[in-house]
Amino acid sequence: MRLTKLDYGALLTYTPRGHSVKIQDAKEFMIALKNERFVEDPQNGKLVLMSEWIAKTIQRNITTLPFASFFQPNTILVPAPKSSLMRPDTLWVSERIASALTKMGFGNKVISCLTRNKSVPKAASSEARDRPKAIDHYKSMTVTRILSKPEEIVLIDDIITRGATLLGAANRLADAFPETRIRAFAAMRTISNPDEFNRLYDPCVGTIELRESGDTLRRP
Amino acid sequence: MGMPEGIKISSYTLDDLLGPLNEVEEKYAPPKIFVSGDMPIPLPSPRCAVIGSRKASPEGLKASSEIVKTLVKRGVIIVSGLAEGIDTSAHETAIEEGGDTIAVLGTSLDRVYPQKNECLQEIIMRNYLAISQFPTGHPTQPKNFVIRNRLMALISDASIIVEAGDTSGSLHQGWEALRLGRPLFIWKSILENSSLTWPKKMLQYGAMVLSDPEEVMDVLPSRGRILKVAP
């Protein structure tokens, strides 16, 4: 794999462990995100799809978000594939988020050029030792559509755990577009230690690094 | 069956029952839903389907019962299709354990299939909830049960297949749950039957193996569909 380090940004956080009200609220939000449910926008009381809420929240807070520079007018948004194979008409949350972002003026367009040709275990429901590594993701994905030399690509995902999916996907794209700057955005990042969980809305930028063991290290 | 005395049928849209639907959910959503029973509308959460073979094995029935007992204890509403075998066991266990249950019928609400579940259907229509997308008098046809399985996937926050052969109707629900992006669980003992082809395929498309019914709680919402957010 060409890339051993990938810059990423994330808007929200949740932790799978812990039972405080704050933690349960964030978990509830994660489930709603995974199901593309409707949420009530507190600014106007209207119901919006979760993907639209993510895009609107970014728009409202763009001046303070540390990953604002990821979304340039020429940026191509590429949804990260699901861990499983996918039949036509299946809910693909990453693609929904990417589409909502471009509708709100973030990035140039969405190109769904990465597909999964072999399923891998879901990171969120696997024991740490069974989670697929970046190389497993890289080997299980294909670039299906050749773009005309994009200047910048931002990979879009719903939830980032250790970042193996995004690093594997970024490397697959880097093979196809070696001159292109590639970064990643996830709507939500997982925090494994509940003591380190502060709040749902906790925007950040950070890195995903490939370690010698083949595991990925996400900071923060 | 005809309509037992004192039972009332009301009609709703799926939006009334579940709240607004996204585009993927709307694809096979019927325009009207007929319901009978005693449950608040919009439907309370969480709801989990427990489904499987009509000709269930004793082990399958035992597993269904254990899964339902665990979920009922955690306040989960049990959804099933009122068919023989696993479905019947799921409804009956939910009722015995003091839980709530929703029957999604492949017939209209004034008909019953199988006939032996007439009494159970009436109990559900009076005290729990029976749902059908077919208006009163609608002819019962085999294809209705396939259509019903899609509706059951849509109504359920997650689905568990407890036991099923390669031609089981439960597989229609499984595929629809995966299309909707809803969690689909395959009970662990199904994987022990190496002659089945469907489990391996569904696992590739995102289904998960269920070894402990408690694991379902990790993916179920605890509230209604509308979440208010104020980060």
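As the structure is a computational prediction, the values presented were derived from the model and not from experiment. The sequence lines fix the lettering, A, B, ..., with proteins before strands; numbering per chain opens at 1.
Neither the backbone nor the side chain of A/Arg116 comes within less than 4.5 Å of any heavy atom of chain B. Looking at A/Lys118, there are no atoms closer than 4.5 Å to chain B (heavy atoms on both sides), in backbone or side chain. Contacts between A/Ile31 and chain B at a heavy-atom distance below 4.5 Å involve the side chain alone, from C-beta outward.
Residues B/Asp157 and B/Arg182 are not paired through a salt bridge, judged by the lack of any N-O separation under 4.0 Å between the basic side chain and the carboxylate.
Residues satisfying the salt bridge (charged side-chain N to carboxylate O under 4.0 Å, His left out) test with A/Glu95, not counting sequence neighbours, are none.
A/Phe67 and A/Phe185 have their aromatic ring centers within a separation under 6.0 angstrom.
The list of ring-ring contact (aromatic ring centres under 6.0 Å, His included) pairs with a residue in residues 140-179 of chain B, not counting sequence neighbours, reads B/Tyr113-B/Phe145, B/Trp175-B/Tyr205.
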